[in-house]
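Comments concern the structure below.
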Amino acid sequence: MSAMAEERRQKHCSVVLPTESMKAMAESVGVGQLQEDSCVALSEEVSYRIKEIAQDALKFMHHGKRRKLTTSDIDNALKLKNVEPLYGFQSQEFIPFRFASGGGRELHFYEEKEVDLSDIINTPLPRVPLDVSLKAHWLSIEGMQPAIPENPPPATKEQQKVESTEPLKVVKPGQEEEGTIQGKGQGTTTPDGKGQCLEKGLIRLKPRSTHELSVEQQLYYKEITEACVGSCEAKRAEALQSIATDPGLYQMLPRFSTFISEGVRVNVVQNNLALLIYLMRMVKALMDNPTLYLEKYLHELIPAVVTCIVSKQLCLRPDVDNHWALRDFAARLMAQSCKTFSTTTNNIQSRITKTFTKSWLDDKTQWTTRYGCIAGLAELGPDVIKTLIIPRLAIEGARIKAVMEGPVISNIDKIGAEHVQSLLLKHCASVIAKLRSPPDNVEQYRTEYGYLGPMLCSHVMKARTQAALQAQQVNRTTLTITQPRPTLSVSQSGLSGSSGPRTPSIIKVPSSLTLMSPRPGTPSQPSPPATKYIVMATSAGAASTQQVILAQSLSHILDLHIGMIMCQI
Amino acid sequence: MAAVQGGMSDADIETDIKTEPSTDGFGNNNANDGRVLSASPGSGSSTGSNKQTAAVTPEDQQTLLAVLQFLKKNKLIESVEILRREAGLPENSLDPKATESAGAGSGGAAGIVDLEGGDVSSLLSRVTGSSSAGAQAPTKAVAEDQPDVRVVLSAYSQQGDPTLYEVYYSDLKKFIETVLDCHRAELSQVFYPLFVHMYLELVYNNHESEAKAFFEKFSGDQECYYEEDLRVLSGLTKKEHMRGNETLLDFRTSKFVLRISRDSYQLLKRHLQERQNNQIWNIIQEHLYIDIFDGMPRSKSQIDAMSGSLAGEAKREANKTKVYYGLLKEPEIELPLDDEDEEAENEEGKPKKKKPKKDSMGSKSKKQDPNAPSQNRIPLPELKDSDKLDKIMYMKEATKRIRLGSDNLPSVCFYTFLNAYQGLTAVDFTDDSSLIAGGFADSTVRVWSVTPKKLRKVKSAADLNLIDKESDDVLERIMDEKTASESKIMYGHSGPVYGISFSPDRNYLLSSSEDGTVRLWSLLTFTCLVAYKGHNYPVWDTQFSPYGYYFVSGGHDRVARLWATDHYQPLRIFSGHLADITCTRFHPNSNYVATGSSDRTIRVWDVLSGNCVRIFTGHKGPIHSLAFSPNGKFLASGATDGRVLLWDIGHGLMMGELKGHTDTIYSLRFSRDGEILASGSMDNTVRLWDVMKAFDDLETDDFTAATGHIHLQDNSQELLLGTYTTKSTPVIHLHFTRRNLLLAAGVSQL
């Protein structure tokens with residue numbers, strides 16, 4: 001047996017309830033002073049009995065054909081031992097135990113509320129749950145598993161990974177049907193194939209990496225890409241939802257990837273902000289899809305995203321359009337992909353950091369690019385801010401000062417400098433608040449950070465008061481809520497339902513993207529809000545004309561793609 | 001065990017059952033002493049009291065024993081002696097019968113018999129002796145208030161220096177590590193039982209810290225498949241815990257069976273005698289049954305294939321009884337001619353095919369299969385007209401059956417239960433695949449029709465009076481159209497429904513539940529007809545006989561019961577398993593019943609005699625599914641260890657091991673021709689296996705049937721024909737339609 005199992009076993013052996021629990025329980029039934037010895041004896045006995053009951057409860061779980069032990073299993077196990085079951089624990093999902101601490105003691109308790117009977121009687125009845133029903137589908141047709149929504153996606157993420165990371169795979173006789181993506185006919189164990197394998201022993205083969213699309217998939221691809229860059233926001237939302245949740249997109253992933261990278265290339269040249277935003281949202285949706293193995297396509301996606309962060313110009317009228325929001329959004333995407341995909345072999349994070357720093361350090365860099373670099377670095381987390389941004393605050397401050405207080409050269413530079421300034425203040429304040437100890441002296445700040453010093457100082461102070469406020473809030477909440485409420489819509493998750501229509505010019509970014517917020521934000525909190533809204537300043541008319549232009553360029557790409565598809569088929 | 005759990009209240013019902021494992025133990029003992037073991041283990045007991053041929057009837061004996069016990073408790077030794085002499089019970093002859101009939105009180109008596117070996121001083125004299133001695137010894141004082149367990153446990157009272165246990169054990173370990181390779185694997189088998197017994201001895205004698213140290217030092221050495229038991233054992237750290245602990249009683253009441261070649265055994269014996277390692281030698285003598293065989297020692301893989309059960313391997317004698325695994329002769333039913341003509345017009349090939357088939361059927365029925373039981377070995381119900389119609393339907397469908405094989409796989413239709421938040425616990429299909437029944441954790445039983453034909457109830461009695469009983473379509477007229485619906489719910493149980501089974505004629509449905517009852521439902525009125533009580537504890541599974549009328553049930557009380565629908569009491573009680581019976585299956589010829597258990601063994605029982613005729617060991621986890629092949633020759637079993645094992649019933653041998661599943665296998669089914677085995681598991685997959693190949697491969701090898709030591713090749717990958725994954729829906733039932741379409745069912749976990 002492995003050492004691991006041994007370890008586990010020893011753990012089983014030693015687990016005994018702490019004697020404090022015995023005391024707490026004794027107190028709860030009115031026994032005040034319990035001897036230490038009795039506590040020890042009791043806890044050993046109780047632990048043993050609990051283990052016994054758990055063993056029996058497992059039996060009920062197995063026969064209930066479940067993987068999760070429920071309270072009813074425990075009840076049944078108690079019944080088996082002729083013990084009265086525990087009444088009141090009927091929850092299927094979780095047991096509402098709560099945690100409280102104070103006075104050096106920690107307790108988990110079950111909160112029993114007094115309920116007014118008339119309240120229950122007067123509340124309207126809940127909706128009747130749906131009745132049990134049967135649904136039939138084909139799991140396999142003569143050995144082939146049809147690719148229908150009822151069946152799982154043909155290739156799991158692991159399979160996709162194996163395929164892309166280990167292109168040479170050992171084929172053993174009889175194993176052939178295991179790895180292949182399509183539910184291949186089971187006639188693969190034909191005598192000739194097998195004979196071959198036997199002769200040569202194990203063969204290393206590069207599997208054919210085909211991405212043939214069925215007619216339906218081609219149609220789907222067309223619909224989705226058109227909706228994603230089209231003018232109807234409701235359709236776009238639906239399409240993005242589909243990209244983010246559909247399990248069977250694996251085959252189309254290379255096309256999506258090319259679509260995005262080509263789209264960015266074309267639209268950066270044309271300065272089409274709206275289109276770039278749409279494409280970034282597609283990237284986000286792809287990253288959100290849990291069934292896709294994106295690693296294979298990062299070489300196309302990352303340049304596209306970085307372009308959207310640091311490009312000199314992203315829109316036709318840089319003085320009016322809010323391309324800053326796109327940079328922020330893309331920077332967050334970048335940070336997210338660094339977090340998920342960076343490994344010791346691909347070193348994404350350090351490579352990206354280097355790229356950003358290099359162009360930031362360059363004196364000739366424009367304010368727009370400068371902004372993008374800083375945003376990209378800042379999103380990577382407090383450590384990066386601490387080591388790379390804060391040391392440069394003084395230099396950057398001087399540069400901003402030159403623009404703000406010097407002779408007006410161009411309005412665009414001024415806007416850029418303003419944005420860079422607020423960006424630096426926003427990101428650095430919270431980090432500095434943690435680095436420095438409280439007495440915040442404006443002069444000190446000025447000497448250390450130069451031009452930005454005084455502003456930083458006030459921001460840091462604001463950050464501190466907020467932190468204090470939150471701390472209070474947190475203290476108060478630990479007593480009441482520590483366990484998240486379970487979601488009730490369990491069964492719906494499989495459906496790719498359409499989300500509600502969104503207003504056209506707002507991108508909603510879930511709070512999960514704000515990687516730096518150290519605590520779970522509640523909507524009522526003033527600073528980092530749970531959801532961020534990026535308001536785009538494109539007027540409706542302008543957007544529609546742009547889209548016409550774009551639609552043309554895109555249809556060109558589409559044609560290209562479809563051409564490619566046809567060739568492959 | 002059940003008696004221990006339930007206290008005194010249900011002792012009367014449980015008595016005959018409780019003693020069973022101990023009888024087994026006694027049987028072992030006999031064999032060990034070199035006496036002739038005439039019957040297979042469990043033979044005397046399994047049919048209950050009516051089969052016993054003792055001079056004194058069991059009832060009398062029981063009362064007598066109770067009186068004797070009362071007397072001796074009150075230290076009236078003389079009266080005991082007198083009474084015993086008067087009853088004509090010689091000391092030696094008393095104990096076996098006593099153990100059988102004394103019930104819970106002396107359930108442990110076998111333990112004494114067990115450990116005392118051949119020269120048993122009788123239960124009585126032992127106890128009298130001890131009490132007359134003044135009952136001063138501490139162990140005996142403790143024992144006074146716990147008579148039953150005391151007797152079992154007292155086996156552990158004799159003892160050496162607790163600190164030496166580790167030395168003894170590591171000494172043996174060192175020895176076994178240094179013996180020749182060919183013996184090492186065999187001798188390693190003794191580690192686990194020795195470890196358990198030594199640990200228990202330490203615990204029993206209150207050497208808590210030594211026990212803990214011993215456990216921690218050596219538990220890691222044990223085979224991984226004993227982990228579950230070790231976990232139970234690890235919790236047991238005090239002498240008080242040993243009372244009423246099932247695992248412990250199992251270990252005590254049944255000897256752990258090992259198969260060791262003569263050479264290896266001699267080696268071990270010599271070593272222990274040389275070293276004067278009496279502690280270990282005593283345990284081997286008292287608690288282990290070593291089945292010595294002549295010939296080559298077995299290899300590690302051979303041993304691993306067969307071990308894993310709670311009480312070691314099956315003894316070779318246990319699987320020697322002849323089993324009539326052949327099928328019964330099908331009644332001759334004339335296929336209506338007009339049909340054949342019709343088809344002949346449609347297709348020319350058809351009649352030709354059909355003719356030889358029918359001939360072959362005819363010839364088969366003329367020549368009795370030598371392996372088949374005689375037609376009336378057990379009484380079977382007469383065929384009704386409706387049954388004959390169904391047979392004809394069956395034969396017609398059979399002609400349209402798809403011939404499956406490795407290059408012709410079945411299609412799988414999956415029935416997903418939606419919105420079953422309460423939890424689906426059991427599913428069954430009718431043989432003609434027209435109805436599905438589901439048992440739910442909220443105690444309901446639901447039936448669906450999967451054909452356009454809706455489910456209808458019979459009209460009320462008043463309405464039935466108005467019907468013209470002479471009309472041809474009277475069967476149609478009695479149905480109430482107003483009640484037609486796709487599904488029906490039946491209420492009656494008061495706990496989760498764990499087993500469900502349709503009768504072959506589709507008129508009845510059986511369900512077994514946590515509430516300890518098996519219920520029979522009518523599918524004409526959709527009401528409960530009978531609640532069969534007897535199990536008292538959760539009933540994990542139930543199944544109708546393929547010929548109807550009989551059914552079998554098994555549950556937490558470790559006993560399988562055979563019932564007939566028109567008797568409220570069981571006809572047979574099959575007892576012998578050491579833990580819960582988790583699944584029950586009828587042999588296609590209805591003469592045998594197979595049961596799978598949490599003790600990780602499968603037993604096959606003869607319905608006629610109630611004897612256990614086969615014990616299959618090899619699974620490493622509780623068995624949750626069983627399936628007989630359609631020709632009755634093979635049995636497939638699936639367990640929580642994710643493996644499917646194949647067994648040859650006639651020879652009592654393991655035929656193959658199918659590895660692939662990663663979680664409990666809840667369902668197994670052979671295709672109608674027996675060519676493909678489908679398995680459904682908690683790991684959300686349905687897998688298809690080429691069992692014909694598995695059987696053929698093995699038959700070409702020369703059978704070492706005499707020893708039962710087969711060598712399995714690891715060819716699961718070659719035998720696996722297909723794996724079909726569902727979208728997070730565990731597969732809990734499988735069924736082949738008459739045309740070989742595979743139906744699967746499960747409830748979505750999304």
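Worth knowing before you read on, the calculation uses all heavy atoms, side chains too, and leaves out hydrogens, waters and symmetry mates. These numbers come from a predicted model, not from an experiment. The sequence lines fix the lettering, A, B, ..., with proteins before strands; numbering per chain opens at 1.
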Is the backbone N or O of A:E142 less than 3.5 Å from a side-chain atom of B:S411, with the two atoms forming a donor-acceptor pair by type?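 Present.
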Do B:R231 side-chain atoms and A:Q55 backbone N/O form a donor-acceptor pair below 3.5 Å?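 Not a single qualifying donor-acceptor pair exists.
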Proximity breakdown for [X] and chain A, heavy-atom pairs closer than 4.5 Å:
X: B:A441; value: neither
X: B:Y666; value: side chain
X: B:T640; value: side chain
X: B:L719; value: neither
X: B:D663; value: side chain

Taking all non-hydrogen atoms of both residues into account, name the closest pair between [X] and [Y] and its distance.
X: B:K727; Y: A:N151; answer: CD-O, 4.0 Å
X: B:Y724; Y: A:Q145; answer: CA-OE1, 4.2 Å
X: B:L424; Y: A:K65; answer: O-CB, 4.4 Å
X: A:L139; Y: B:T725; answer: CD1-O, 3.7 Å

How many angstroms lie between atom NZ of A:K51 and atom CG of B:L236, to the nearest 0.5 angstrom?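 Interatomic distance, A:K51 NZ to B:L236 CG, rounded to 0.5 Å: 10.0 Å.
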Say you draw a straight line from CD of B:E514 to CG of A:D73; how long is it, rounded to the nearest 0.5 Å?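 B:E514 CD to A:D73 CG: 10.0 Å, rounded to 0.5 Å.
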Determine, stepwise, if the pair A:H63 / B:T425 fulfils side-chain contact (heavy atoms from CB on, under 4.5 Å). CA-CA 7 Å; A:H63 283 281; B:T425 42; over 6 Å; no
When heavy-atom pairs shorter than 4.5 Å are enumerated against chain B, which of A:H62, A:E45, A:K79, A:R49 gives the highest number?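 Top option by heavy-atom pairs under 4.5 Å: A:H62.
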As an exercise: rank A:W138, A:Y48, A:F60 by heavy-atom pairs under 4.5 Å with chain B and give me the winner.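 Most heavy-atom pairs under 4.5 Å with chain B: A:Y48.
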What option among B:G746, B:G495, B:S487, B:P410 has the most heavy-atom pairs under 4.5 Å with chain A?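 That would be B:P410.
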Under 4.5 Å, counting heavy-atom pairs only, tell me which of B:A744, B:P730, B:P538, B:A426 racks up the most with chain A.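 Looking at each option in turn, the highest pair count goes to B:P538.
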Please output the residues of residues 125-137 of chain A in contact with chain B, using a heavy-atom cutoff of under 4.5 Å, in numerical order.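 Against chain B, the residues of residues 125-137 of chain A that fall inside the cut-off (heavy atoms, under 4.5 Å) are A:L130, A:D131, A:V132, A:S133, A:L134, A:K135, A:A136, A:H137.
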